[in-house]
Amino acid sequence: MIRGAVGAAMCALLAGCGPQAAQTAPNVSTSSSASQVQASPSNLKQKEVELTAQAKGMGEMPTNAGMSRIDLPGVTAFLWESLQGHVCLWESALSGGMQTIKCSTTDAARPKSGSKVVALHGPGALNAGARVVLLGDTGEKVVSAAYKGRELDWTFVRTLSPATSGRDVYYVTLEEFPLEGWLDLAVQADGQRKADRVSLAW
């Protein structure tokens, strides 16, 4: 699970982390606000409304598919596809702290040789550990994730629209940072289970 707290300022960055991060969109938006986000349904809904307005101001208005919310202990995140063809991610600690927006293109996310799953956002520091947002290969489902032999917490976020690759998005959390080596995955396709991996090197 995600633990700890994130930093203390709001910034909207359009930059990925690490060698597998996707090329980012050209827009940048910054705010000095660091308002607290509580986990109640009404506040989260209000945050989604505010975030939609912020995304519109950045030129990254969500498509009709709307936003997908990622709820993990200590952190809430929203992911959406924008009208510009980008996949955007907003993250924040629930206790208040750094809030970031990153928008990337799926076309620029390139897997390492021998891999099919690719990192779209990250790996990047989050709270006392790290997170990475993955794109699964078409027709495959991630069924487990591990780092250095330890099983990780992860969640399926959504299937992107065909215009944005049609691939599945997964959000994986790790308990340490910086990272090295590989994220080991088990994926399933056509009833068969096989191994894949994603480089976590910067």
Side-chain angles (χ1 to χ4, degrees), residues 1-7 13 16-22 36-41 43-44 47-48 51 66-81 87-102 104 106 109 111-112 115-137 140-160 167-189 193-202:
M1 298 291 180
I2 293 184
R3 297 178 174 86
V6 197
L13 306 174
C17 301
Q20 290 193 73
Q36 184 170 342
V37 180
Q38 298 294 339
S40 70
N43 283 353
L44 288 172
K47 183 61 199 178
E48 184 175 345
L51 187 54
M67 294 188 174
S68 296
R69 193 172 78 229
I70 303 162
D71 291 318
L72 294 167
V75 171
T76 283
F78 287 90
L79 183 138
W80 70 96
E81 300 166 65
V87 179
C88 297
L89 176 71
W90 175 91
E91 297 169 298
S92 174
L94 295 179
S95 59
M98 178 174 286
Q99 302 177 27
T100 64
I101 296 177
K102 301 180 180 184
S104 303
T106 57
K112 292 288 187 178
S115 301
K116 291 186 177 180
V117 179
V118 62
L120 177 64
H121 292 293
L126 187 65
N127 290 335
R131 66 93 181 97
V132 59
V133 179
L134 304 176
L135 285 179
D137 192 33
E140 293 186 348
K141 300 292 183 184
V142 171
V143 294
S144 72
Y147 177 62
K148 295 182 178 179
R150 297 190 300 271
E151 290 294 318
L152 301 175
D153 291 310
W154 60 277
T155 186
F156 166 77
V157 181
R158 71 194 284 171
T159 300
L160 299 177
R167 301 174 75 171
D168 289 344
V169 180
Y170 302 88
Y171 191 102
V172 182
T173 62
L174 303 96
E175 295 183 349
E176 61 185 84
F177 191 81
L179 304 169
E180 61 183 9
W182 298 84
L183 179 67
D184 295 309
L185 304 169
V187 299
Q188 190 165 345
R193 187 177 174 123
K194 58 184 180 180
D196 203 338
R197 62 180 187 170
V198 174
S199 174
L200 296 175
W202 285 77

Does the side chain of [X] reach to within under 4.5 Å of the side chain of [Y], using non-hydrogen atoms?
X    : Y    : answer
D137 : D196 : no
R131 : L89  : yes
L51  : W80  : yes
L79  : V133 : yes
L135 : V87  : no

message: Tell me which pairs pass salt bridge (Lys or Arg N to Asp or Glu O under 4.0 Å) where either residue lies in residues 177-187, with sequence neighbours left out.
response: K148-E180
Residue pair [X] / [Y]: nearest heavy atoms and the distance that separates them:
X    : Y    : value
E140 : Y170 : O-OH, 4.1 Å
R158 : G66  : NH1-O, 3.1 Å
S199 : W182 : N-CE3, 3.3 Å
L179 : A130 : CD1-CB, 3.9 Å
W154 : V142 : CH2-O, 3.1 Å
A119 : L134 : CA-CD2, 4.1 Å

task: Would you please test R150 and E176 for side-chain contact (heavy atoms from CB on, under 4.5 Å) and show each step?
output: CA-CA 12 Å; R150 297 190 300 271; E176 61 185 84; 2.7 Å; yes
Please answer whether the main-chain N or O of [Y] pairs with a side-chain N or O of [X] as donor and acceptor at a distance below 3.5 Å.
X    : Y    : answer
S115 : R197 : yes
R193 : V143 : no
D168 : G136 : no

field: Identified side-chain contact (heavy atoms from CB on, under 4.5 Å) partner of W90 from the options K102, E48, K47, M67
entry: K47
Gap separating the [atom1] atom of [X] from the [atom2] atom of [Y], nearest 0.5 angstrom:
X    : Y    : atom1 : atom2 : result
R167 : L120 : CZ    : CG    : 9.5 Å
T173 : Y147 : OG1   : OH    : 13.5 Å
S144 : E151 : OG    : CD    : 5.0 Å
F78  : L44  : CZ    : CG    : 5.5 Å

